[in-house]
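This report concerns only the one structure given below.
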Number of protein chains: 2
Amino acid sequence: MRQEEKSQEARRRIAEAAIDCLVELGYHGSSTTRIVERSGMSRGAMQHHFPSKQDLIVGATDILLEGVIRRSEPLLADLEARRIGFPELVERLWKHFIGSRRYQAVLELMNASRTDPELQSRITPTLDRWNRIIDERMARLFSSVSGDPSEVALLMQMTRALLRGLALRDGGPLPPAMVRRMLERWAQLVEPCLSWPAEKENPCRS
Amino acid sequence: MRQEEKSQEARRRIAEAAIDCLVELGYHGSSTTRIVERSGMSRGAMQHHFPSKQDLIVGATDILLEGVIRRSEPLLADLEARRIGFPELVERLWKHFIGSRRYQAVLELMNASRTDPELQSRITPTLDRWNRIIDERMARLFSSVSGDPSEVALLMQMTRALLRGLALRDGGPLPPAMVRRMLERWAQLVEPCLSWPAEKENPCRS
DNA sequence: AATAAAACAGTACGCTCTGATTGTTTTTAC
DNA sequence: GTAAAAACAATCAGAGCGTACTGTTTTATT
């Protein structure tokens, strides 16, 4: 069906324009007019593919987060294959995902969903899915020196929270060098708590 | 001047209503109409005290953040007087500030300011001031075992980033017990890197 | 080839928001 | 006590938004 793929391409174009608008103009600056102008489509096209603005935002959210999940597959696979260490994992998580330009759109959506139940009900499952995927992979890669399996998940949640907090900077923009220092320091603090299964055994605390 | 304090009281009432709206409705749900309705004042009163919406938001921001700074004074003083440890500091920072209901308004403003230069130029200095105040107090309370004075500031920045990331939850709402676990774990990881000046000397790394 | 359906284009309408304006009350100053 | 200024009240106009609607083109079906 050639029409099917044309249709999907149109949906994608509009959704990408919406994502760009979220990054550059924020949620409350992203009107349907500006989004459709940036996409190069017509109002009618948008109306056809996304009957309401909610549908548009939700559609853009799905494309955005699905893209995140899809693009994280090869990175995670590479991680497992090369037995990469925790510091490098943190660095990549920052570079490719949470520190990336597109994540600003995710932040906008997460923030907007706090006071928009309908949006929240659509965002939460996808977000949780991504978190679960990463947690599962991590649990396979690392294990806690304390023997508690929930320990790895806890540390991963903390890692995500830290990176999120860095992406949503307060005050002046954090210089990249400062960010790098924090990521390194964090990895340094956490690494002794993790061990590669049946490889090395670092004690977590003296 | 009795008029002066009446005026300030009116300003405060409207600004507080704005803060409440930010918490409950988010930035893009906080119209001047809803804010003024919640404040119990009239449009004209608001118009008088805050000529434009920008003025209102900026005014609310100042009151919000000044309140944060003012309320943190006794806590910091208590901290110094009682020589409280790092875990308790983290817990209080969360309980009274970053984990509090009002901080959701700060998050809304920080997020909005990303794509609103004028708002950003007003928010950044106050936010930086708060950060500097805390950093300075911390530098007085703790010192790094490595001897590097910038180390304490780095760890405080990381602490703030982590708490910020927790306040801006992704996915489903974090259960308080999980938050507490993370805060405890974080304090556990960082504490060995800090020392009370001329009291005890824990090595940071084995 | 003919018909139906999907995709796309452009316009118009109703609504809400903001900022401005005009009028009224209260407070301060002389 | 009176005049001026500040504070407050109420209404209005303009702009921008989302969406419904009508018309046109393209694609799929038979």
Side-chain angles (χ1 to χ4, degrees), chain A residues 1-22 24-61 63 108-109 112-113 115-119 122, chain B residues 1-18 20-22 24-61 63 108-109 112 115-119 122:
Chain A
M1 290 185 183
R2 207 157 105 253
Q3 190 168 170
E4 174 69 17
E5 61 192 44
K6 256 197 74 177
S7 177
Q8 269 200 321
E9 168 65 14
R11 278 181 70 90
R12 200 197 55 78
R13 271 184 66 180
I14 298 174
E16 284 297 331
I19 293 170
D20 282 345
C21 282
L22 284 175
E24 289 173 20
L25 311 171
Y27 190 90
H28 89 286
S30 299
S31 69
T32 57
T33 308
R34 274 204 269 255
I35 290 172
V36 82
E37 272 172 6
R38 172 182 276 266
S39 77
M41 300 261 163
S42 72
R43 257 185 165 33
M46 192 181 77
Q47 182 76 8
H48 178 72
H49 292 289
F50 303 101
S52 78
K53 186 178 183 179
Q54 270 276 358
D55 294 324
L56 170 57
I57 294 296
V58 166
T61 304
I63 285 184
E108 291 286 338
L109 290 168
S113 75
T115 49
D116 185 337
E118 196 171 340
L119 185 59
R122 288 296 302 262
Chain B
M1 292 183 184
R2 207 158 104 252
Q3 191 167 168
E4 174 70 17
E5 62 191 46
K6 256 197 74 177
S7 177
Q8 270 200 320
E9 168 66 14
R11 279 180 69 90
R12 200 197 54 78
R13 272 184 64 181
I14 298 174
E16 285 297 330
D20 282 344
C21 281
L22 283 175
E24 288 173 21
L25 310 171
Y27 190 91
H28 89 286
S30 299
S31 70
T32 56
T33 309
R34 274 203 270 255
I35 291 172
V36 81
E37 271 172 7
R38 172 181 277 266
S39 76
M41 300 260 163
S42 74
R43 259 189 179 7
M46 193 182 77
Q47 183 75 10
H48 178 73
H49 293 289
F50 303 101
S52 80
K53 187 177 183 180
Q54 270 277 359
D55 294 324
L56 170 58
I57 295 295
V58 165
T61 303
I63 285 184
E108 291 287 337
L109 291 168
T115 49
D116 186 336
E118 196 171 341
L119 186 58
R122 288 297 301 261

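Proteins come first, then strands; the chains are lettered A, B, ... in the order of their sequence lines, and each starts at number 1.
Taking all atoms of both residues into account, the shortest heavy-atom contact from B:Phe50 to B:Asp55 is CD2-O, 3.6 Å. A pairwise comparison of heavy atoms in A:Ile14 and A:Ile35 identifies O-CG2, 3.9 Å as the closest pair.
Side chains of A:Arg38 and A:Cys21 form a contact here, defined as non-hydrogen atoms less than 4.5 Å apart. Within the 4.5 Å cutoff, the side chain of A:His49 has heavy atoms near those of the A:Arg11 side chain.
One atom, CG of B:Leu56, and another, P of C:dC17, lie 14 Å apart when rounded to the nearest Å. Note: NZ (A:Lys53) to P (C:dT16) measures 16 Å, nearest angstrom. If you take CG of B:Leu25 and P of C:dT16, they are 16 Å apart, rounded to a whole angstrom. Note: CD (B:Gln8) to P (D:dA7) measures 11 Å, nearest angstrom. Remark: P of C:dC17 and CD1 of B:Ile57 are 14 Å apart, rounded to the nearest angstrom. Straight-line distance from the CZ atom of A:Phe50 to the C1' atom of C:dC8: 14 Å, rounded to whole Å. Here C:dT18 presents its P atom at 12 Å from NE2 of B:His28, a figure rounded to the nearest Å.
Side-chain N or O atoms of B:Glu108 include none that pairs as donor or acceptor with a backbone N or O of B:Gly26 at under 3.5 Å.
Put simply, B:Thr32 has a side-chain N or O that comes within less than 4.0 Å of OP1 or OP2 on C:dT18. Residue A:Ser31 places no side-chain N or O under 4.0 Å from the OP1 or OP2 atom of D:dG16. Within the structure, every side-chain polar atom (N or O) of A:His49 is placed at least 4.0 Å from both OP1 and OP2 of C:dA6.
In this structure, CG in A:Leu119 is found 5.5 Å from OG1 in A:Thr61, a value given to the nearest 0.5 Å.
Residues in residues 28-37 of chain A take part in these side chain to side chain donor-acceptor pair (under 3.5 Å) pairs, two or more places apart or across chains: A:Thr33-A:Arg43.
Within 6.0 Å of the CD atom in B:Gln54, the count of heavy atoms belonging to other residues, nucleotides or ligands exceeds 12.
At a threshold of 4.0 Å, the pair A:Glu16-A:Arg13 does not count as salt-bridged, since none of the basic side-chain nitrogens sits closer than that to a carboxylate oxygen.
Comparing the axis of the opening five pairs of the helix from C:dA1-D:dT30 to C:dC30-D:dG1 with that of the closing five pairs yields an angle of 10°, rounded to 10°.
If you check residues 33-48 of chain A against DNA chain D, the residues with a heavy atom closer than 4.0 Å are A:Thr33, A:Arg34, A:Arg43, A:Gln47, listed by number.
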